[in-house]
Amino acid sequence: AKLFNVLMRDMIRSGELAGARNVFDEMLRRGVRPTVVSFNTLMSGICKGADLDGANALRGLMAKAGVTPDVYTYGTLMQGLCRVGRIQDAVEIFEEMCERGVDPNTVVFTTLIDAHCKEGDVAAGLELYREMAARGVQMDLVAYNALVNGLCRARDLKAASDIVQEMRNTGLKPDKVTYTTLIDGCCKEGKLDMAMVMKREMLDEGVALDEVTYTALISGLRKAGRSVEAERVLCEMVDVGLEPD
RNA sequence: GGCUAGUGGC
């Protein structure tokens with residue numbers, strides 16, 4: 001079954017959901033029992049296409065096959081729902097998961113935190129963050145980045161840097177995603193000088209800028225009318241071997 | 001345990 005799973009994963013990665021479904025059917029035809037990973041892999045492919053009916057159908061099939069959903073199954077479904085803005089439904093899945101005795105992990109919490117933050121409800125994100133602490137679920141780099149993003153979107157750079165400080169205190173090093181989020185946040189608040197300081201800080205800590213970081217910074221400088229600096233940063237981007245869009 | 005879900009710009 002593992003070989004079939006890997007095959008499905010590769011097809012889904014290249015966007016061939018139909019192919020993945022064929023692999024799944026082929027598995028059944030040959031009498032190979034799909035594992036929970038088989039179902040989860042196919043589920044993630046279906047969810048990427050925002051096909052929630054298909055996802056529910058697969059859940060039914062899973063039940064019929066006597067395969068118990070695990071934290072990945074619920075996490076995948078929640079992400080699928082969040083992607084199309086159905087956060088409330090994702091929260092229901094979250095509750096269902098808890099009722100069935102599956103403990104939510106960092107990934108599941110991050111999915112909800114990120115969804116709330118993107119919807120503009122950082123307060124809800126922070127609430128989940130506290131709930132994680134209460135339940136003893138560890139925050140990791142991705143979880144912190146999602147929160148930092150929410151705070152930046154809420155125009156609360158102060159709170160965002162406080163969170164980054166806390167992140168450092170727990171021994172996590174901000175990565176290029178963290179920095180890009182902060183730099184973009186600074187730019188969108190018109191704090192271009194602060195954005196440039198963050199760029200330096202980032203380099204000082206040995207974190208390299210990538211195309212996303214450069215794009216955020218350059219577009220921020222341009223929008224602020226600081227075209228000379230924008231050009232300078234653009235040249236630097238090319239110098240380090242990156243392609244501007 | 002080994003294959004599956006979560007975070008940044010234009």
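Quick note on labels: first sequence line is chain A, next is B, and so on, each numbered from 1. Remember, it's a predicted structure, so these values are computed and weren't measured experimentally.
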Touch class at under 4.0 angstrom, heavy-atom based, for [X] against every strand present:
X: Lys188(A); value: sugar-phosphate
X: Thr178(A); value: nothing
X: Val36(A); value: nothing
X: Thr41(A); value: sugar-phosphate
X: Arg13(A); value: sugar-phosphate
X: Ala115(A); value: nothing
X: Ser38(A); value: nothing
X: Thr181(A); value: sugar-phosphate
X: Asp245(A); value: base
X: Asp175(A); value: nothing
X: Asn105(A); value: base
X: Thr111(A); value: sugar-phosphate

Q | Side-chain ion pair, Asp193(A) and Arg226(A), N-O less than 4.0 Å | A |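 Counted as a salt bridge, because a side-chain N and a carboxylate O are separated by less than 4.0 Å.
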Q: For Glu26(A) and Asn22(A), test the side chains for any donor-to-acceptor distance below 3.5 angstrom and give the result as yes or no.
A: no
Q: Tell me yes or no: between the side chains of Asn145(A) and Thr178(A), is some donor less than 3.5 Å from an acceptor?
A: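 Yes, side-chain donor-acceptor contact under 3.5 Å.
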Q. Less than 6.0 Å separating the ring centroids of Phe109(A) and Tyr129(A)?
A. no
Q) What is the 5' to 3' range of RNA chain B, first to last nucleotide, that sits under 4.0 Å from any heavy atom of chain A? A) G2(B) to C10(B)
(Q) Looking at every non-hydrogen atom in both residues, tell me the closest pair between Cys47(A) and Leu77(A) and how far apart they are. (A) SG-CA, 4.4 Å
**Q.** Any donor-acceptor pair under 3.5 Å from Arg83(A) side chain to Lys48(A) backbone
**A.** yes
Q: Please identify each residue that fulfils side-chain hydrogen bond (donor to acceptor under 3.5 Å, both in side chains) with Asp70(A), with sequence neighbours left out.
A: Asn40(A), Thr73(A)
